[in-house]
Student: 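Can you keep this structure in mind? I'll have questions shortly.
Just so it is clear, the structure is predicted and the values come from calculations on it, not from any experiment. Quick note: numbers below take in every heavy atom, side chains included, and nothing from hydrogens, waters or symmetry partners.
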Amino acid sequence: MPPPAKQAPPTAPAPAAKTQAVAAPKSQPQKALEKMGLRRDIDLALHLPLRYEDETRIVMLKDARDGDMVQIEGQITHSEVTFRPRRQLRVTIDDGSDTCVLRFINFYPSHQKTLSVGARVRVRGEIRGGFVGREMVHPSFKLAGGELPGALTPVYSTVAGLPQAYLRRAVLGGLGRADLSETIPAPFLRKTPSQPLLSLRDALQFLHHPTPDVALSTLEDHSHPAWQRLKAEELLAQQLSQLQARRVRAAMRAPALSGPAMRGPAADGASLQGPQCTLYEQLLERLPFRLTAAQQRVCAEIALDLQKNIPMHRLLQGDVGSGKTVVAALAAVRCMDAGWQCALMAPTEILAEQHFRKLIAWLEPLGIRTVWLTGSQKAKERRESLAMIASGEAALVVGTHAVIQDKVVFKNLALAIIDEQHRFGVAQRLALRSKMSEGGEEPHLLMMTATPIPRTLAMSYYADLDVSTIDELPPGRTPIVTKVVNDARRDEVIERIRGQLAEGRQVYWVCPLIEESESVDLVNATHTHEALSNALPGVLVGLLHSRMSVAEKKAVMGLFTDGLMGVLVSTTVIEVGVDVPNASLMVVEHAERFGLSQLHQLRGRVGRGAAASACVLLYSTGDAPRLGEMARARLKAMVETNDGFEIARRDLEIRGPGEFLGARQSGAPLLRFADLEEDADWLAWARDLAPRMLDRHAELAHRHILRWLGGKAEFLKA
Ligand SMILES: Nc1ncnc2c1ncn2[C@@H]1O[C@H](COP(=O)(O)OP(=O)(O)OP(=O)(O)O)[C@@H](O)[C@H]1O
């Protein structure tokens, strides 16, 4: 451990920039605090210790056992710099009961000065049985004297550039300044008559600086009353904000899309069900398949929402390949039947393009004008698209986030469909809402995701959304067979590719990186592309990665979609949404490096047609004798199940909910302290309290939400 760097004594964290006339440049620790999201006093106060150190007691050396973390106090009796086995400072301390050697491999002259013979010092570290007696290696130390602290010393999680001592003082400052006044109305300050809640101030004071008599296990397992208060607070904030979001939405107005306004025969003149047939009916009639029962159910749920004059906020979740796109298309034509416009956005251009291709194939024959809008488009084409959107000539707009840019003005937008919503942050969703609301009316929102969320999580995190689930795959799909194969057996895999190609099928090969920047031993997409091209003469092998230009990507994807390319080597740009039913084999290289949900998404690119499909997960252990435990658990789960919900459940088990939802990115209010299952009682308490608080103590409720959500609470204003 290097010697502790000397830090300038931290002042309290800078006040919010807004209140300063001239913003002073931020120091590195201040920047680090911001990076950790510790901006407001309350954020600092809620940054709870990872663990504690006990500096409240001095232990006599004779009572300390090897392995104990102890604080001792005594006199330095000997100090020397030795050079064997290497340069180090060795100091002997005597506390009257025994002696101990303090060893420092890295040291500064200041160490020698403080630890000079005759000095009385207070030292904290782990006692070990050393080669020549008991020792402490790199203990912390200071001159003896001064009172012992009355509380345990907190140790916080931190980042590079933010020393523990600075963070401690910042948290202490935050704790002192934050508004911790009571927000829970008095009658509710207990879960049961025997369980009154501590005040938030007392709870936080205690958790940051617990008295030494506390049973540490109650802090570790969060059963301590101070922890209970925090869990209750947090769950209440979550319930309040979700309920408030629902109420805000209920007060908003959206166009009620009830009766069809646009009737007429199909554009090609073929009247399908007589002249009065709606676009919805026409599209259904023209689909080459029948909707599954699950698709019919969710279509009905959406239809019901669209008829209301409050905006729909619905999450459509379904496993990979479960047929969400056609549900979206049917929602879109419902909207057009009523004479309104619809927009569909995807997070990447490849995905947006896939949707565009599919949708024009379905909708153009019905005479529906669909336009394409992305950032990379030529100015002229873009101008034309914008004009058609503004005039209403375009009934459907498909694109990337370019759809929510300022220049886009809709004539009458009624429905916005967002694919893979977890990739769109809350900010983008809000931009969409504000941009599209006109004359006090908001569009209906349909968000689609192929990462199913386990029910308990969905209920808690997306309680402000309604959730529709497609829990059934279209008929005739043969389950994908998944094999985990050591990278040493690559040749066999290539043989298998030959077999698939001979049957007229196509193959994906996915690699994690495109250049050898992160790890020299990583086989990258470029090398693999070269190797496969050599191994498969006469076969068109394509390469797709995120650093290619949009036009290049489009060209490669086009060749693969049209069946002209046999093998597509790719980085994870194809992870979601790509739909080429003729592809029957997916090879994932370095599968051990991918997350479970990501692997499932990748596997979902095959098995989309009737052909039997397979997924080969190539793994490599590098220099290690075997794979790490988590990697093994992921690969095992992939072999054992094809069910996206089960995969999501296991992913949650392996990673924990924060990681699972992509925490900050998702913008969903995640729980930091409470656990939905463990704290079911508090959840019930919060559910019961939230509506009463909003009705009768609106001011307190608002303060409570602000305390926990900060800026994110903006959109909860009525
Ligand atoms: N009811 C159905 N019967 C048969 N085939 C269907 C049905 N619904 C959709 N399909 C087809 O199944 C394939 C997958 O559908 P779609 O692309 O809509 O799935 P998705 O849920 O969006 O999948 P992903 O999340 O992987 O993008 C498409 O080729 C689609 O035409």
Side-chain angles (χ1 to χ4, degrees), residues 292-295 297-298 315-324 327 420-423 447-462 465 467-485 508 510 572 575-579 585-588 591-608 612-617 619 627-663 666 668 670-671 675-678 680:
T292 62
Q295 284 170 321
R297 187 182 61 229
V298 303
L315 180 70
L316 171 60
Q317 57 170 349
D319 205 350
V320 284
S322 60
K324 294 180 289 293
V327 172
E420 284 301 308
Q421 60 87 33
H422 60 283
R423 295 198 180 185
M447 291 158 269
M448 305 198 282
T449 178
T451 309
I453 299 155
R455 221 179 88 81
T456 47
L457 268 192
M459 264 172 53
S460 167
Y461 294 120
Y462 293 118
L465 300 179
V467 180
S468 286
T469 305
I470 308 184
D471 50 10
E472 170 187 13
L473 290 181
R477 302 261 171 97
T478 42
I480 306 164
V481 177
T482 303
K483 290 251 167 10
V484 176
V485 177
Y508 293 103
V510 176
T572 49
E575 183 188 333
V576 283
V578 173
D579 185 36
L585 176 61
M586 161 68 66
V587 182
V588 184
E592 76 283 356
R593 295 178 186 235
F594 290 88
L596 186 49
S597 293
Q598 210 181 0
L599 286 175
H600 181 65
Q601 289 295 324
L602 287 170
R603 174 170 63 184
R605 296 313 106 211
V606 294
R608 300 173 81 87
S613 296
C615 173
V616 174
L617 301 174
Y619 72 93
L627 280 179
E629 204 171 304
M630 275 181 32
R632 245 180 312 142
R634 290 195 295 264
L635 298 183
K636 184 163 173 272
M638 285 293 290
V639 174
E640 285 175 356
T641 179
N642 263 313
D643 174 355
F645 286 89
E646 175 61 15
I647 291 274
R649 200 188 60 72
R650 299 222 196 165
D651 203 13
L652 186 65
E653 226 170 68
I654 300 174
R655 291 200 283 167
E659 281 257 336
F660 175 82
L661 285 174
S666 77
L670 292 173
L671 294 173
D675 178 287
L676 294 174
E677 274 166 34
E678 222 168 77

Student: Closest approach of V606 and A614, non-hydrogen atoms and distance?
Tutor: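 Where V606 meets A614 most closely, the heavy atoms are CG2-O, 3.9 Å.
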Student: Hey, is the main chain of G323 close enough, under 3.5 Å, to the side chain of Q295 for a donor-acceptor pair?
Tutor: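 Looks like yes, one N/O pair under 3.5 Å.
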Student: Applying side chain to side chain donor-acceptor pair (under 3.5 Å), name anything that partners K636, two or more places apart in sequence or on another chain.
Tutor: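 Expected list: E640.
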Student: Using side-chain heavy atoms (C-beta onward) and a distance below 4.5 Å, is M638 in contact with L596?
Tutor: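 Of all side-chain heavy-atom pairs linking L596 with M638, at least one is under 4.5 Å.
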Student: Any side-chain to backbone donor/acceptor pair from T469 onto D471? Under 3.5 Å, distance only.
Tutor: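 Such a contact is absent between T469 side chain and D471 backbone.
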Student: Identify the heavy atoms of I480 and C615 that sit nearest to each other, and give their distance.
Tutor: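 The pair with the smallest heavy-atom distance is CG2-N, 3.9 Å.
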Student: Please name the pair of heavy atoms, one in G607 and one in S613, separated by the smallest distance, quoted to 0.1 Å.
Tutor: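 That closest heavy-atom pairing would be N-OG, 3.1 Å.
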Student: Once side chain to side chain contact (heavy atoms under 4.5 Å, CB included) is applied, do any residues pair with E472, and if so which ones, sequence neighbours excluded?
Tutor: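 For E472, the residues satisfying side chain to side chain contact (heavy atoms under 4.5 Å, CB included) (neighbours in sequence not counted) are T292, A293, A294.
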Student: Determine whether a donor-acceptor pair (N or O, by modelled atom type, separation under 3.5 Å) exists between the side chain of R634 and the backbone of F594.
Tutor: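 Yes.
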Student: Please tell me if the side chains of Y508 and V587 come closer than 4.5 Å, counting only heavy atoms from C-beta onward.
Tutor: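 Y508 does not reach V587 side chain to side chain.
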Student: Could I get the full list of side chain to side chain contact (heavy atoms under 4.5 Å, CB included) partners for L635, not counting sequence neighbours?
Tutor: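 L635 satisfies side chain to side chain contact (heavy atoms under 4.5 Å, CB included) with V484, A591, L599, L617, Y619, L627 only.
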Student: With sequence neighbours excluded, what pairs up with T482 under the side chain to side chain donor-acceptor pair (under 3.5 Å) test?
Tutor: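 Side chain to side chain donor-acceptor pair (under 3.5 Å) list for T482, sorted by chain: R603.
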Student: Show, in sequence, the C-alpha distance, side-chain angles and deciding distance for Q317 and I470, and conclude whether the side chain to side chain contact (heavy atoms under 4.5 Å, CB included) test is met.
Tutor: CA-CA 6 Å; Q317 57 170 349; I470 308 184; over 6 Å; no
Student: Taking all non-hydrogen atoms of both residues into account, name the closest pair between P474 and G321 and its distance.
Tutor: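 That would be CD-O, 3.5 Å.
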Student: Could you give me the CA-CA distance, side-chain angles and deciding distance for K324 and D319, then say whether salt bridge (Lys or Arg N to Asp or Glu O under 4.0 Å) is met?
Tutor: CA-CA 9 Å; K324 294 180 289 293; D319 205 350; over 6 Å; no
Student: Within the structure provided, determine whether V327 and L316 are in side-chain contact (heavy-atom separation under 4.5 Å).
Tutor: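 The answer is yes, as the side chains (C-beta and beyond) meet within the 4.5 Å cut-off.
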Student: Sub-3.5 Å donor-acceptor pair from the side chain of R605 to the main-chain atoms of M586, do we have one?
Tutor: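 A pair under 3.5 Å: no.
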Student: How many angstroms lie between CD in E646 and NE2 in H600, if you round to the nearest 0.5 Å?
Tutor: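 Going from CD on E646 over to NE2 on H600, the span is 10.5 Å.
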Student: Side chains of V616 and V588, heavy atoms from C-beta outward: is any pair under 4.5 Å?
Tutor: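 No - every pair of side-chain heavy atoms lies 4.5 Å or more apart.
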